[in-house]
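Residue numbers count from 1 along this sequence.
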Amino acid sequence: MRRLLARRMKFHLFGAFFVSIGCAALYKFGIAEPRKRAYAEFYKNYDAMKDFEAMKAAGVFECAPPK
């Protein structure tokens, strides 16, 4: 029974470290990277002025009334 707490704590600390590294890697490659690629693809063909004119024509803005 000697050093039972220290032995178990060492095991759990290493386990927690590896689980957290695994979760971070899964998040990075499963969520963050695909999201960055999707944003890059969207803004590659995005025309802000065209979108602004469409919103202006729809009457979204009070400062720029539709013509």
Side-chain angles (χ1 to χ4, degrees):
M1 296 284 283
R2 286 186 189 186
R3 302 190 211 287
L4 178 63
L5 178 63
R7 212 175 9 175
R8 289 181 56 86
M9 188 178 295
K10 187 187 324 181
F11 171 75
H12 285 105
L13 281 174
F14 285 129
F17 176 75
F18 288 121
V19 167
S20 65
I21 292 294
C23 288
L26 283 173
Y27 179 81
K28 178 176 174 46
F29 296 113
I31 295 173
E33 291 298 323
R35 186 178 290 170
K36 283 198 307 192
R37 282 193 301 271
Y39 274 103
E41 182 64 32
F42 175 77
Y43 282 110
K44 193 184 315 180
N45 302 320
Y46 181 67
D47 184 12
M49 286 306 294
K50 180 180 169 187
D51 201 26
F52 172 73
E53 292 299 328
M55 286 190 285
K56 183 177 164 183
V60 174
F61 302 116
E62 292 180 10
C63 63
K67 291 183 178 180

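- Residues meeting the side chain to side chain donor-acceptor pair (under 3.5 Å) test with E53, sequence neighbours left out: none.
- Within a 6.0 Å radius of OH in Y39, other residues, nucleotides and ligands contribute 12 heavy atoms or fewer.
- Here F11 sits alone; no ILVMFWY side chain lies under 4.5 Å from its own, so it joins no hydrophobic cluster.
- Distance check, rounded to the nearest 0.5 Å: CG of L4 to CE of M9 gives 10.5 Å.
- Remark: K28 pairs with E33 by the salt bridge (Lys or Arg N to Asp or Glu O under 4.0 Å) rule, at least two apart or across chains.
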Identify every side-chain donor-acceptor pair in residues 17-25 under 3.5 Å, counting partners at least two apart or on other chains, and give the distances.
residue, atom, partner, partner atom, Å
S20, OG, A16, O, 3.2
S20, OG, F17, O, 2.7

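- Applying the side chain to side chain donor-acceptor pair (under 3.5 Å) criterion to D51, with sequence neighbours excluded, gives Y46.
- Nearest heavy-atom pair across F29 and P34 is O-CD, 3.7 Å.
- The side chain to side chain donor-acceptor pair (under 3.5 Å) check on E41 picks up K44, with sequence neighbours excluded.
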